[in-house]
**Q** 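Would you mind keeping the following structure in view while I ask a few things?
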Amino acid sequence: MNRTKKTNLSTREYDLDGLMQELGVDAPRPSDLHNNNDPPSTVLPELVDITPDDSDSTSTPTMFRRHAPAPAPPDLSGNGLGQTVAGGMNPLETDGDRIRPLDAVHEFWRPEEDAKSESSGDICQQLLDRKAVPADVLETAKRVKLQSPGRNLPEILMEMGVSQDEVQQVVAIDAGLPFEQMKPSLVDRELMDRIGCEFCETNSCIPLRLEGNRAVVGTVRPDDVFVLDQMKGMLGVAAVKHALVTPANVQMVVDAIRSDSHEDYDVEAILADVEEDEVQVIEQPNEEEEDAQSSPVVRYVNHLIQTAVKEGASDIHIEPSEKALKIRLRIDGVLYEMMNPPRKMFASITSRLKIMAHLDIAERRLPQDGRIRVTVMGRQLDLRLSTIPTPHGEKTVMRVLDNRSIKVKLNELGFAEDTLDAWRRQIERPHGVVLVTGPTGSGKTTTLYASLQQMDNSRLNVSTVEDPVEYQLNGITQIQTHERIGLTFAASLRSLLRQDPDIVMVGEIRDHETATIAIQAALTGHLVLSTLHTNDAPSSITRLINIGIEPFLVSGAVNGVLAQRLVRKICPECRREIDISQEARAVLAKHDLECEQLWEGGGCPNCRASGYSGRLGIYEMLEIGDVLRDRIAGSPTVTEFRNLCCEQGMRTLRQDALSKMTDGQTTLQEVLRVTDGN
């Protein structure tokens, strides 16, 4: 009796099918998987029962019976979704005698059936095969990865300066994902509005477009599954298709969208508000500061800065006169009058700018310099502010420092091919002095910064001494001089040479002491880059001698000099052909140049009816060879040395400018405005 009861209890204890039915879960039964008229083996031949022959098949729970193997789960790229069993059918849903897949499965993205993976399983080898990265740089990146938990090799390579496109293409092939290069105009703005620029910037992702009921989204990492899931929910789509993009591309799109979506200020409303309030100059500092921070003045200053950034201005001039106030912007090297606010706003605008730069608003008798850091249309900018007293009040000038202007490559600055090759030879030399000359605003800093960014900062110790430090460069030590406490160019350079530098950039050689230390550094095995304010390249040599450097030291230390200017480019929107004038023919004949057609800008809204849009550099490259070194040691005059340089093959600034004119990049008027007649 007890034995029978125990047996029944054991059977009930392991009746899992019954337990599952009590819990509300329907266990699958063999009768559900085939028709009653056909034997199971004809419908599902893979169905195998592991119950012994001498046992009762009904006593074995259904879940312990072996069925056909289930399809492998899908991987991250979508492979495996929609796989079938038993003759190609997905046993998720039945339709009479036919088993059809669930509709939900079709919402997922699957790679093309004929797409073949090109992955070799070794990203490093693929990068080497493509010659995307040198072997020594790759080994350095591997060592960095070992010391950097949580970071992957592609990210490290991109931070080391390897082409992001090359790296991401290899990663995309290895992960079986498509690689896409974006343009702001091709991104779906409605999708961007759903996600927001901050989310995209923080997570390095971007929604690209809609394809049916799914969205194509790009990320910088192939395993961003959580980001993909968040984007799917935020976009409200059934599924997402994953593509790989570059971090620089994501940032470019985000910045462009932020710029386009920024709301403009209503200038007329601002001025009307100011006239009603009749803002006046208040002598008391506290009250004046409060007046300068009032809403109309703050909004007008914000509008002024925003307008300057939108127009691509490099400088903002606020010029008071006896009865008027004039605001001019320097665009492409030329000043344009943009605004004429009421004269009564002058004191408040100046005080507001001083407050932003942390200057003394009560001091109007002495010049003051300051710096303002602002965020305009999602971009961080620095404004270098300078005030100077005039009979009608303080004149204020602000230099707009935008990091975008230095994120350019050398081949994008306007170098001719032979000039670019010569300049690269100079900056790749192990030691010596290389100079860049030109007036203020001629692009010297941009050229030097672009050159520094071409260097291998992971293997070289690159340091700079500047006054002021205009732009922050990653991987480079930058020193700001401070003459009030004795930190001059000479003192900074002397201390910097104890820091084991390979390459030193000196912002400007101004005096004998700085020049002497720079020459000594070059002669002791360092590469020194610096600037001088001279009219052309040959004049730099005589300037160093006139400063007090011995001619034999100049001859032995200086390797090359690059003189440069900036000319305005013809606007591509209104560019048109013109006939060659007699003046142009005479200039071309003087320099042995031939041209059948010239171009000019007709004027359009894109270029403010000026016919010009943007600037490019013109260059005069002087390489110091043995013949010139011997002549420098004899302390030549400027005229003698310039003639000798031209005989040795140096192309002058005007010759380079005329060459760009014949190519249709600029006009004769610009060439004559910027260059001398030599």
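All values reported here derive from a predicted model rather than from experimental measurement. These values consider heavy atoms only, across backbone and side chains, with no hydrogens, waters or symmetry-generated copies.
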**Q** Report yes if the side chains of R608 and I331 come closer than 4.5 Å at any heavy-atom pair, otherwise no.
**A** yes

**Q** Do the non-hydrogen side-chain atoms of L413 and T446 ever get within less than 4.5 Å of each other?
**A** yes

**Q** Using 30° and 60° as the class boundaries, would you call the ring planes of F415 and Y619 parallel, tilted or perpendicular?
**A** parallel

**Q** State, yes or no, whether a side-chain contact exists between V397 and I318 at a heavy-atom distance under 4.5 Å.
**A** no

**Q** Checking salt bridge (Lys or Arg N to Asp or Glu O under 4.0 Å) for the pair K409/E412: CA distance, chi angles, key distance, verdict?
**A** CA-CA 5 Å; K409 299 180 181 179; E412 298 174 354; 5.5 Å; no

**Q** Quick one: do K444 and E508 satisfy salt bridge (Lys or Arg N to Asp or Glu O under 4.0 Å)? Show the steps, please.
**A** CA-CA 10 Å; K444 300 186 299 296; E508 182 183 352; over 6 Å; no

**Q** Only one of R328, R384, R399 clears side chain to side chain donor-acceptor pair (under 3.5 Å) with D315; which?
**A** R399

**Q** Applying side chain to side chain donor-acceptor pair (under 3.5 Å), run through R629 and N559 and close with a yes or a no.
**A** CA-CA 9 Å; R629 291 187 191 278; N559 292 335; 3.3 Å; yes

**Q** Give the minimum heavy-atom separation between A657 and T675, together with the two atoms involved.
**A** CB-CG2, 4.3 Å

**Q** So M650 and E623, do their side chains get closer than 4.5 Å, heavy atoms only?
**A** no

**Q** Contact between R654 and D676 at the side-chain level, heavy atoms closer than 4.5 Å - yes or no?
**A** no

**Q** For G560 and I624, which heavy atoms make the closest approach, and how far apart are they?
**A** N-CG1, 4.1 Å

**Q** Can you check whether L487's main-chain N or O pairs, donor with acceptor, with H482's side chain at less than 3.5 Å?
**A** no

**Q** Kindly indicate whether the side chain of K326, heavy atoms from C-beta on, has any atom under 4.5 Å from the side chain of H317.
**A** no

**Q** May I ask you to decide whether R365 forms a salt bridge with E363, counting only side-chain N to carboxylate O separations under 4.0 Å?
**A** yes

**Q** Does any part of the side chain of R330, heavy atoms only, come nearer than 4.5 Å to the side chain of S314, both counted from C-beta?
**A** yes

**Q** How about T307 and K310: do any of their side-chain heavy atoms sit closer than 4.5 Å?
**A** no

